[in-house]
Amino acid sequence: MSSSEHNYQAVGASETTRFKEYRMEEGNKIRLYLTAVLVNVASVAVGTAIGWTSPVSPKLNDEELTDTPLSNVPDAQELSWIGALVPLGALIAPFVAGPLADKIGRKWTLLSSTVFFAIGSILFLTAGSVGQLYAARLIQGFGVGFVMTAQPMYIGEIATDDTRDTLGSFMQLFIVTGILYVYAIGPFVSYYALQYACLAIQAAFAVGFFFMPESPYYYIGKGKKKEATEALKFLRGKSGEGVQDELTDIQVSVEESMRNTASPLDLVRSKGNLKALIASAGLILFQQLSGINVVLFYTQDIFKDTGSDLKPEIATIIIGIVQVAASGLTPIVVKKLGKRIMLLVSAAAMCLSMGLMGLYFYLKENDPETAKSISWLPIAALVIYIILYCLGFGPLPWAVLGEMFPSNVKSYASSLVASTCWIMGFLITLFYSTLVVAIGSAWSFWLFTICCAVAIPFTFINVFETKGMSLQQIQDKLNGK
């Protein structure tokens, strides 16, 4: 063998070794988790909007008008609209946010949500009428809708196969952190100080997430392979060569979905898309029909109605702490048990909790002495409800949404499912007070009990376990491949 041949083979062997090393490159997921945390600061802002009504309603209801921007106390119908307008704004926004996420990217759609949150905060600070509070809550709802539409898409596309369940459950953790934030601050600071505290969260998201990368799936869809490579290098902590296999998989997945130009009707024309839509929209529907918005929007009022010895604002903070603690456990539990099992357990536990709440209010009306002897029951029932909601039906429907659809229909699906969420949220929040007057608190909670019971067979039939599966494997299973 000549010297030159020997050198050539040595070089070839060296290149092969380096190629294998690149393929085996472990990388570092710290920046992936950092990105997931920073994008979810927007979820904290969503939580502040959802929880805002609970500490603010007592201030607006104060007959002495000591801490309110209004010159008179709103009536019951006006307070219902103040609570319901965030869901109304959030159900309209996805039809703009979904297409916008395809046009300008997931990142910039998420960042644009801060404009709505900021305008809402400014309107709150300058409010002098109920009408201006209406406008602020509606605009705040647009921000919520933008986040809830684009964030699951973004997380689903930046996550690795083994982190998707964990990162997908972050949204619930950060939403309830935002709720606890306003629960803990709101009762003890002025109306105006609370608005500044919420504005600070929105500013923190805009500054922190600005420096994070766009989704590599979006870049590939726009033909920007270089930018997609840089995004993957950042998110995976690997070299350019080390991300080539994943980049190729993304290209294949995106190109396959883009070969067929999609329209909203493709959500029901394709067997796989229809199955995904039924599962995703159904889970979101039952999430709202479990009564969660009533619990979050009117926590202080619920505890006041029970006549419990515990101050309503303190009970509310306890519920907020339980939410955060349970949501913190969600990534660990879901990683071990999987989404399907946790959704089934969650539905069963919420069914039991709402049933106990209904029982307490029934006894309060028909047997006050017995009800007084078990005044601890509403708090215990709501604690159980919140824990299992946060471990299952809170975060997991959004995680399912983020992974079930191919790229060409993902924005349509996100828009439709997010709107389903907020249509139900709007109707339940607006008419809850009317429902209580019509049929009483007991039967109101028992209706939620029935809905939670129906969620159990629905989940068992329509949801399959996706733990450890790639996005392409999920599509293959949905389409019977």
Side-chain angles (χ1 to χ4, degrees), residues 37-38 40-62 66-69 79 82-83 86 117-118 120-121 124-125 133 136-137 140 143-144 147 169-205 208 292-306 308-330 376 378-391 394-395 429:
V37 167
L38 289 175
N40 273 291
V41 178
S43 301
V44 179
V46 169
T48 63
I50 292 172
W52 184 89
T53 313
S54 187
V56 170
S57 288
K59 299 180 190 295
L60 300 179
N61 262 323
D62 184 6
T66 55
D67 186 19
T68 173
L79 286 171
I82 290 171
V86 161
F117 285 125
S121 293
F124 283 135
L125 289 167
L133 290 183
R137 290 288 282 169
Q140 206 177 36
V144 169
V147 173
S169 64
F170 274 18
M171 183 165 72
Q172 177 66 21
L173 171 61
F174 282 79
I175 287 176
V176 297
T177 299
I179 292 170
L180 176 59
Y181 183 75
V182 292
Y183 280 2
I185 294 174
F188 309 107
V189 301
S190 71
Y191 166 89
Y192 295 99
L194 179 60
Q195 313 318 316
Y196 283 116
C198 294
L199 194 58
I201 298 294
Q202 299 148 23
F205 165 67
I292 185 60
N293 275 339
V294 168
V295 172
L296 297 181
F297 280 59
Y298 299 112
T299 306
Q300 285 201 38
D301 292 339
I302 290 170
F303 278 111
K304 192 181 294 182
D305 290 344
T306 65
S308 170
D309 294 333
L310 195 61
K311 289 184 177 180
E313 60 269 25
I314 301 301
T316 299
I317 293 172
I318 291 172
I319 292 296
I321 292 171
V322 169
Q323 282 182 295
V324 173
S327 298
L329 290 174
T330 302
W376 51 269
I379 298 175
L382 282 186
V383 166
I384 294 170
Y385 174 92
I386 288 296
I387 289 174
L388 272 300
Y389 173 86
C390 291
L391 288 173
T429 306

- Message: Please check this pair: side chain of R137 against backbone of V86, looking for a donor-acceptor N/O pair closer than 3.5 Å.
- Response: no
- Item | Shortest non-hydrogen contact from Y183 toward Q323 | CE2-OE1, 4.3 Å
- Sequence-distant partners of D67, salt bridge (Lys or Arg N to Asp or Glu O under 4.0 Å), two or more places apart: K59
- Minimal heavy-atom distance between M171 and S43, with the atoms involved, is CG-OG, 3.4 Å
- Task: Return yes if some donor-acceptor pair links the side-chain N/O of T330 with the main-chain N/O of L173 below 3.5 Å, else return no.
- Result: no
- Would a distance-only check, ignoring hydrogens and angles, find a side-chain to backbone donor-acceptor pair under 3.5 Å from Y181 to C198? no
- Query: Is there a donor-acceptor pair closer than 3.5 Å between any side-chain N or O of T48 and the backbone N or O of A45?
  - Reply: yes
- Could you tell me whether a side-chain N or O of Y191 sits under 3.5 Å from a main-chain N or O of F124, the two making a donor and an acceptor? yes
- Is the count of non-hydrogen atoms from other residues, nucleotides or ligands lying under 6.0 Å from F188 atom CZ greater than 12? yes
- Task: Taking all non-hydrogen atoms of both residues into account, name the closest pair between Y385 and I292 and its distance.
- Result: OH-N, 3.2 Å
- In chain order, what residues pass the side-chain contact (heavy atoms from CB on, under 4.5 Å) check against I387, with sequence neighbours excluded? V322, A326, V383, L391
- Minimum heavy-atom distance G394-Q172, with the two atoms named: C-OE1, 3.4 Å
- Message: We want to know whether D62 and T66 form a side-chain donor-acceptor pair, criterion being a heavy-atom distance below 3.5 angstrom.
- Response: yes
